[in-house]
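Heads up: the structure comes next, in structure tokens.
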2 protein chains.
Amino acid sequence: MQNHYIVFAFLLTFLVHNSCALWPRPASVTSANDTLLLSSSFAIHSELKTTPSDLQDAITRTKGFLKTDKLGRLVVGRGTSDIPTFKSAKSLPSLTLRLSEGSTVQSIANEAVANLSERQEGYSISIPSDGTAAIITANSTLGLLRGLTTFEQLWYMAGGQTYMIGAPMEIVDEPVYHYRGFMLDTARNFYPVADIKRSLDAMSWVKLNTFYWHVVDSQSFPLEVSEFPELSIAAAYSASDVYSENDVQDIINYAAERGIDVILELDTPGHTTAIGFSHPEHIACNLASPWSDFASEPPAGQLRLASPSTVNFTVDLMQAVSSKFRSQFFSTGGDEVNTNCYTQDSETQKELNASGLTLDEALNNFLMATHDVLRSGGKNPIVKEDMVLKHNTSLPNSTIVVVWISSDDAKAVAEKGFRIIHQPSDFFYLDCGGGGWLGDDITLNSWCDPFKTWQKIYSFDPLANLTADEASLVLGGQIPLWSEQSGPENLDSIAWPRTASAAEVFWTGGTLDDPLRNLSSALPRLHDVRYRMVQRGVNAIHLQPEFCALRPGACDLDA
Amino acid sequence: MQNHYIVFAFLLTFLVHNSCALWPRPASVTSANDTLLLSSSFAIHSELKTTPSDLQDAITRTKGFLKTDKLGRLVVGRGTSDIPTFKSAKSLPSLTLRLSEGSTVQSIANEAVANLSERQEGYSISIPSDGTAAIITANSTLGLLRGLTTFEQLWYMAGGQTYMIGAPMEIVDEPVYHYRGFMLDTARNFYPVADIKRSLDAMSWVKLNTFYWHVVDSQSFPLEVSEFPELSIAAAYSASDVYSENDVQDIINYAAERGIDVILELDTPGHTTAIGFSHPEHIACNLASPWSDFASEPPAGQLRLASPSTVNFTVDLMQAVSSKFRSQFFSTGGDEVNTNCYTQDSETQKELNASGLTLDEALNNFLMATHDVLRSGGKNPIVKEDMVLKHNTSLPNSTIVVVWISSDDAKAVAEKGFRIIHQPSDFFYLDCGGGGWLGDDITLNSWCDPFKTWQKIYSFDPLANLTADEASLVLGGQIPLWSEQSGPENLDSIAWPRTASAAEVFWTGGTLDDPLRNLSSALPRLHDVRYRMVQRGVNAIHLQPEFCALRPGACDLDA
């Protein structure tokens, strides 16, 4: 009954005056009709015995946004019609942060990199309208951070006043999926650290908790590895287009303080030509021509997975790189292994003949070796779906599988008993629709046409076609940005606000058949988070003419 | 024979060391193999009796770019392999600007807004490699500006030195088409003046000469008109989202000083709902629902073209607005007139019944009235193709027609004897491929799918299907950015470098069958101008992984 009341209250509030433009939508919101002003002396108090410095920093950021967001409400007049209500409104003097009884105080950063099932991102917010303090309660500092993020989204500016509507308000919230990510490819084109940090900021504003870093690929190797300095020296685009080990630690810490785990992907054995710039001995079909006979895109080249020296090199590289990351997860990739490359490589054929192994058997040994060293280092290996659907491997079910080729493949992965990260190209690939990028052809469209609109992304059902048992294998999902046609210049505009669309899918779960999950009620809230991102310096694009953003429903298909 | 030599020299130079990464490609380039350093005391001298202040400003900008571009050459190593040639290279001490004998000195700004056939954009550049001065010669300050723009593109940085390769070099250049434009829609979403100025900068770097400003539309009216202040007060998105009359003059002057004419479009009688915010009496089917019965996109509303009071209002508005622009051209638009809107509008039906006119006859009278006032003010009217192909009007052949629906329609427009501006949706629309933007539908793609790649844009043939006589009617063309899903956040990334692709089409003319116009030789030069734009603060996007940009041809289809 309580649940029904909450749902009804949310719907009523939303439909009546759209006061809860929160993204992602909290699990429950009860609200009324009072306006509440933010006191000019508004303060945020932590009740924690000791407040971790990263929680203190989060408090400082929230106070900053309350001052600098200055977002006019997305209605005709941008909130000027709210001004008459200010006269009788009370002011909110302060916000108290409270840990539930029995909770132990840890830094946000530590909680952000805990194992998935141990991450506690839930929180509740109580905002009275009588001039007494608001409270955020959670079991963890990570939960308090999520609550602060929600709190920030409640406030608008009109007539020089910072205010919210819909008070008193009670929010009880937690995510449905533990894994909610954004993937960035920094190999096809390079992104300076500042761009990655700005992306981490935007991610945290919509409560994404995983930055999946596809750091190197066939085109470049922009990662400094002190044990293998030759890799980035030979194959970064330039000496300045390198993530130093200090940069990496900086990114990991910056992310963790914002509740984000950084998972690195060292894609192997394919997508590794750049390693051949310094270690040609480890690369089959190295820069072979025509590339299309040997690889899915130029340049051709794959690790010689059947060569013991290459396996050893890869194991050492995996160990060196993975040891520098705090995350309990590490991806060895495994997409688009090109069989012809190995068939044509005399070195690989010689090794296979000598050992009597098939290519898939050699691949399996390669996986066992690289995954062993990861597990020894306390990491859970992640692979691409190819490794369990296209190749005959014996990966244990503790391996996590990224479903990318098609959303239809999730079923087969689940049937094999693997846990799933959804990253389907038919729903989530941000680069689709940008046209073919090969140089000399006018007829090519992108391979995964059409463009994935926010609506398409939002329509994704994480449990489609899965049984209840299989559903328990779904960890969550992530939106990827492949960078063949992207770089710092369009990072924000290609990623936002579409990435937010997926952030809600995995925070709330559910499908478009649910009463609280539909395009028409989502769009005004998505506009809101977009406009707020722009106020904060993230160049999220307009989804519609502003005329439409100010008039919910007016630009619907049959309006 | 001379021409053959020039062509051969250009090809040889280009293929051997890609020294001429000029965009748009000059009509002729002869070059050799010397490296030339830029003297640390490099100076630009004007030989003009009096140097107009805007030419002086252009000189200052060029000197600035020579210092700040700091572009590494787009080859593996980014030009470090050029450093050994510095030792024996001479330094260029200065550049002289010279007007041809008999030329009269005018400001760039005046020459930029002259009638099309009077604009002289040709120039020649001579760069010796023996340490003597370089010279740019032209018949006009506008030509000198174009020459400076070319000169800037020759220089790279390596080892702390600014240098060019391919000296000595002779360039003789002029455009094939007089009209080369970029169209911006500032009504669906608003762009601050700074964004427009940055676009004008980028336009000038690729020698575009027309900013076609679709300033208002059905969604908003962000143009201050002092005679009709109510229009922007009622229908701008906010008081700050308005181009004041000072802003407009600022934009016109900024453009003209960069060799760019600003042509305003007041789209009529459709696309005018925003006028109804303050003048509902002039709007038929004003905000009618469902919008799709009355308009091509929300909100519905068109000027009551059959009402004398509305005609008078429109004529007065046209006069007020057009008188503030220096251009000799002004567009009254005319696309997507919705017949059903007028059929359903009782006021319009009453007027038609009273006058005994058909709708097209009333439309024709409306056009005659608005065009008369433009002509009285010395403006040549421009209309959309609908006005001559879809409606039975009696526009004189002095009217200029924008072909936008399809490139195929150019033939029909030419057959009717009208001059043509190419703006075909099937080649040039920058917004295509971004997905449908109506709120509640997950299946819609953009109406003009797919995305128009730089290759597709570059493949446009301005004279396709036209006879020689008809060809003489082609003034040029322009790339439009419609802003339903665009704003300052993605202006650069959606427009550049694709807009440069069209800039070369109309500077050089020709087709992909010409020896000097092909995708493979264009791409390295387009990469170059893109990287240079980024150095100058315009967020032009990567067309390929940098791996490909440094290795011409390596990412071609069959490489």
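Chain A is the first sequence line, chain B the second, and so forth, proteins listed ahead of strands; every chain is numbered from 1.
- For the set B/Asp556, B/Ile442, B/Leu543, B/Thr453, the entry with the most heavy-atom pairs within less than 4.5 Å of chain A is B/Asp556.
- Within the 4.5 angstrom heavy-atom criterion, no atom of A/Trp496 approaches chain B.
- Comparing A/Asn539, A/Val76, A/Thr443 by heavy-atom pairs within less than 4.5 Å of chain B, the highest count is held by A/Asn539.
- Each of A/Cys555, A/Ser493, A/Gly487 has some count of heavy-atom pairs under 4.5 Å with chain B, and the biggest count is that of A/Cys555.
- For the atom pair A/Met533 CE and A/Leu71 CG, the distance stands at 12.5 Å (nearest 0.5 Å).
- Between chain B and the residues A/Asp492, A/Asn490, A/Leu512, A/Leu550, the most heavy-atom pairs under 4.5 angstrom are made by A/Asn490.
- Heavy-atom distances place no part of A/Ala187 under 4.5 Å from chain B, backbone and side chain included.
- With A/Asn189 contributing its side chain and A/Ser483 its backbone, the two residues share a donor-acceptor pair below 3.5 Å.
- Seen from the ring of A/Phe427, A/Lys456 counts as a face-on cation partner, given the 6.0 Å and 45° thresholds.
- Residue contact with chain B, scored on non-hydrogen atoms closer than 4.5 Å, involves the side chain of A/Ser459 exclusively.
- For the set B/Gly72, B/Gly434, B/Cys548, the entry with the most heavy-atom pairs within less than 4.5 Å of chain A is B/Gly434.
- In this structure, chain B has a heavy atom under 4.5 Å from the side chain of A/Arg530, while its backbone stays farther away.
- The pair B/Asp195-B/Arg198 meets the salt-bridge criterion, with a side-chain N (NZ, NE, NH1 or NH2) lying under 4.0 Å from an Asp/Glu carboxylate O.
- Interface remark: of the candidates A/Ala274, A/Ser446, A/Pro298, A/Pro298 forms the most heavy-atom pairs closer than 4.5 Å to chain B.
- By number of non-hydrogen pairs under 4.5 angstrom with chain A, the leading residue of B/Ser238, B/Ser220, B/Gly436 is B/Gly436.
- Between the side chain of A/Arg78 and the backbone N or O of A/Arg73 there is at least one donor-acceptor pair closer than 3.5 Å.
- Between A/Tyr191 and A/Ser486 there is a side-chain heavy-atom pair separated by less than 4.5 Å.
- Heavy atoms closer than 4.5 Å to chain B are found in both the backbone and the side chain of A/Ala559.
- Among B/Asp185, B/Thr499, B/Leu491, the single residue meeting the side chain to side chain contact (heavy atoms under 4.5 Å, CB included) criterion with B/Leu481 is B/Leu491.
- Contact count against chain B (heavy-atom pairs under 4.5 Å) is highest for A/Asp440 among A/Asp440, A/Leu519, A/Val534, A/Asp241.
- Using bins of under 30°, 30° to 60° and over 60° for the plane-to-plane angle, the ring pair A/Phe277/B/Phe547 lands in the tilted bin.
- In terms of heavy-atom pairs under 4.5 angstrom with chain B, the leader among A/Ser292, A/Ser218, A/Pro290, A/Pro299 is A/Pro299.
- For the options B/Glu484, B/Arg188, B/His542, B/Gln485, heavy-atom pairs under 4.5 Å to chain A are most numerous at B/His542.
- Contact of B/Asn518 with chain A is not made at all, since no heavy-atom distance falls under 4.5 Å.
- In terms of heavy-atom pairs under 4.5 angstrom with chain A, the leader among B/Tyr237, B/Trp437, B/Phe190 is B/Tyr237.
- The shortest non-hydrogen separation linking A/Gln219 to B/Pro545 is CG-CB, 4.0 Å.
- Heavy atoms closer than 4.5 Å to chain A are found in the backbone of B/Ala540, but not in its side chain.
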Could you go through B/Asp267 and B/Val216, starting from their C-alpha distance and side-chain angles, then the distance that decides it, and tell me whether this counts as side-chain contact (heavy atoms from CB on, under 4.5 Å)? CA-CA 7 Å; B/Asp267 202 350; B/Val216 299; over 6 Å; no
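- Here A/Arg551 contributes atom CZ and B/Leu287 contributes atom CG; the two are 8.0 Å apart, rounded to the nearest 0.5 Å.
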Residues B/Tyr458, B/Arg498; criterion side-chain contact (heavy atoms from CB on, under 4.5 Å); working and verdict: CA-CA 9 Å; B/Tyr458 195 73; B/Arg498 289 189 292 156; over 6 Å; no
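- For A/Cys432, no part sits under 4.5 Å from any heavy atom of chain B, backbone or side chain.
- Only the side chain of A/Leu523 has a heavy atom closer than 4.5 Å to any heavy atom of chain B.
- Of the two parts of A/Asn445, only the side chain, counted from C-beta on, holds a non-hydrogen atom closer than 4.5 Å to a non-hydrogen atom of chain B.
- Note: B/Tyr429 and B/Trp482 have tilted aromatic rings, judged against thresholds of 30 and 60 degrees for the angle between ring planes.
- For a residue to count as touching a neighbouring chain, one of its non-hydrogen atoms must lie under 4.5 Å from one of that chain's; by this rule A/Asp217 does not touch chain B.
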